[in-house]
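FYI, side chains are in, hydrogens and waters are out, and symmetry mates aren't considered; it's all heavy atoms of this structure. Chain A is the first sequence line, chain B the second, and so forth, proteins listed ahead of strands; every chain is numbered from 1.
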Amino acid sequence: MPEGHTIHRIARDQTADLVGGPVHTATVQDRFADGAARVDGRTIERIEAYGKHLFQWWEDAEVLHVHLGLFGKWTRRTSPPPPPAGEMRLRLEGPAHTWDLAGAITCRLVGPAERDEVVAGLGPDPLRRDAKPERMWARLSRSRQPVGSLLMDQTVIAGIGNVYRSELLFLVGVHPTRAGRDVTRDEFDRLWAETRHQLQLGVRRNRIVTRRPEELTRSAPKARPEDALYVYHREHCRWCGSPLDVLPLAGRRTWACPVHQT
DNA sequence: CGATTATGATTAA
DNA sequence: TAATCCTAATCGC
């Protein structure tokens with residue numbers, strides 16, 4: 001279940017597994033049969049992630065655009081893979097490993113221009129070297145919207161989802177109901193830095209663990225799922241035990257500590 | 001075995 | 001704001 005870190009990790013792993021040699025495709029869903037057939041046996045030149053979007057640059061300027069949505073999943077298997085299961089939408093078979101896609105909200109073959117259009121509609125992605133935080137600041141500092149909603153808006157910042165939203169605002173001590181324009185420049189700088197740091201950790205671990213390492217080693221070195229987070233989906237603040245605020249923002253629930261977040 | 005829920009996003013109302 | 005699409009795991013009965 002993906003936020004930006006998941007997609008960047010997939011781009012990295014797929015690059016190692018699939019880029020450079022011919023890739024055999026297959027599908028069991030008619031929906032994408034045409035696209036799969038079109039690139040079958042061809043080579044992937046490059047794979048990039050932008051926010052929650054994945055772009056595979058196939059030879060001859062064919063770009064496979066995949067967005068997992070809430071349910072989508074890439075599954076990595078060893079090649080040769082078992083016969084495809086029922087819900088699989090696309091299979092990419094490389095020499096040593098095969099990637100199966102299921103449940104994606106978007107899976108389509110486009111050209112570079114359409115890839116650029118998608119990217120143009122996204123805010124800066126803190127995991128990319130070319131990210132420009134000033135673009136996010138420009139939106140945030142002018143908006144009356146609550147910062148909890150702005151963080152979920154992919155045109156403001158690309159790659160944040162419901163877990164990171166709650167956790168990041170907790171880590172920088174900003175309450176999600178605060179208007180974007182009431183976030184100070186200093187708070188924004190810390191938010192951006194924390195976001196970059198946490199997403200980078202997420203890519204490395206392939207999992208969201210926002211809790212500070214020193215705390216984790218004390219309580220549970222392996223970070224059981226219930227130890228990984230400070231506020232998301234919790235009833236009480238992990239630091240002070242206060243009952244958390246639970247707010248619907250941008251159509252999803254957000255959790256915040258009324259003591260540590262102002 | 002059906003209802004509920006989940007780290008997403010677009011479209012219609 | 002609500003309905004809708006995508007899928008799988010979990011929970012209550």
Fit a plane to each ring of Y230(A) and F170(A), take the angle between them on a 0 to 90° scale, and name the class: parallel (under 30°), tilted (30 to 60°) or perpendicular (over 60°). parallel
Can you find a side-chain donor-acceptor pair between T98(A) and R91(A) that sits under 3.5 Å? no
I need the NE2-P distance between H5(A) and dG8(B), as an integer number of Å. 10 Å
If I take atom CD1 in residue I157(A) and atom C1' in nucleotide dA9(B), what distance separates them, rounded to the nearest angstrom? 17 Å
Show the atom names and distances, to 0.1 Å, of all donor-acceptor pairs under 3.5 Å that link a side chain in residues 255-262 of chain A to residues at least two apart or in another chain.
from	atom 1	to	atom 2	distance (Å)
Q261(A)	OE1	C257(A)	N	2.8
Q261(A)	NE2	L169(A)	O	3.3
Q261(A)	NE2	V174(A)	O	2.9

Mind checking which stems touch DNA chain B? I mean at least 3 consecutive Watson-Crick or G-U pairs, both distances under 3.5 Å. B:1-6 with C:7-12, B:8-12 with C:1-5
If I take atom CD1 in residue I160(A) and atom C1' in nucleotide dA9(B), what distance separates them, rounded to the nearest angstrom? 16 Å
Please report the distance separating the P of dC1(B) from the corresponding atom of dC6(C), rounded so that it comes out in whole Å. 23 Å
Whole angstrom is fine here: how far is it from CG in D100(A) over to C1' in dT7(C)? 15 Å
Please state the P separation for the pair dC5(C) and dA13(B) - nearest whole angstrom. 13 Å
What integer distance in Å separates Y164(A):OH from dA6(B):P? 19 Å
Between R76(A) and D13(A), does any NZ, NE, NH1 or NH2 come within less than 4.0 Å of an OD or OE carboxylate oxygen? no
Proximity to the side chain of R252(A) - top-ranked nucleotide from dA9(B), dG8(B), dA6(B): dG8(B)
Using a heavy-atom cut-off of under 4.0 Å over every strand shown, decide if R165(A) touches base, sugar-phosphate, or nothing. nothing
In whole angstroms, how far is the C1' atom of dA6(B) from the CG atom of L70(A)? 5 Å
Is a salt bridge present between R115(A) and E48(A), judged by a nitrogen-to-oxygen distance below 4.0 Å? yes
Got a sec, which pairs hit salt bridge (Lys or Arg N to Asp or Glu O under 4.0 Å) with one end in residues 250-262 of chain A, sequence neighbours left out? none
Length of the line joining R108(A):CZ and dC6(C):P, which is rounded to integer Å: 17 Å
Could you pull out all residues at least two apart from E194(A) that satisfy side chain to side chain contact (heavy atoms under 4.5 Å, CB included)? L168(A), L171(A), V172(A), H197(A), Q198(A), R212(A)
Output the rounded distance in Å from OH (Y50(A)) to C1' (dG8(B)). 19 Å
Mark yes when over 12 heavy atoms from residues, nucleotides or ligands other than R108(A) sit less than 6.0 Å from its CZ; otherwise mark no. yes
Counting only side-chain nitrogens and oxygens, does Q154(A) get under 4.0 Å of the OP1 or OP2 atom of dA9(B)? yes
For E134(A), give me all partners under side chain to side chain contact (heavy atoms under 4.5 Å, CB included), at least two apart in sequence or on another chain. W137(A), R185(A)
All N/O contacts under 3.5 Å from nucleotides 8-12 of chain C to the protein, with atom names and distances to one decimal?
from	atom 1	to	atom 2	distance (Å)
dA8(C)	OP1	E87(A)	OE2	3.0

Classify the angle between the aromatic ring planes of H53(A) and F55(A) as parallel (below 30°), tilted (30 to 60°) or perpendicular (above 60°). parallel
Look at all strands and tell whether L68(A) reaches a base, only sugar-phosphate, or nothing, counting heavy atoms closer than 4.0 Å. nothing
Can you figure out which of dA9(B), dG8(B), dA6(B) approaches the side chain of N162(A) most closely? dG8(B)
When you measure from the side-chain N and O atoms of H67(A) to the phosphate of dA9(B), is any distance below 4.0 Å, counting only OP1 and OP2? yes
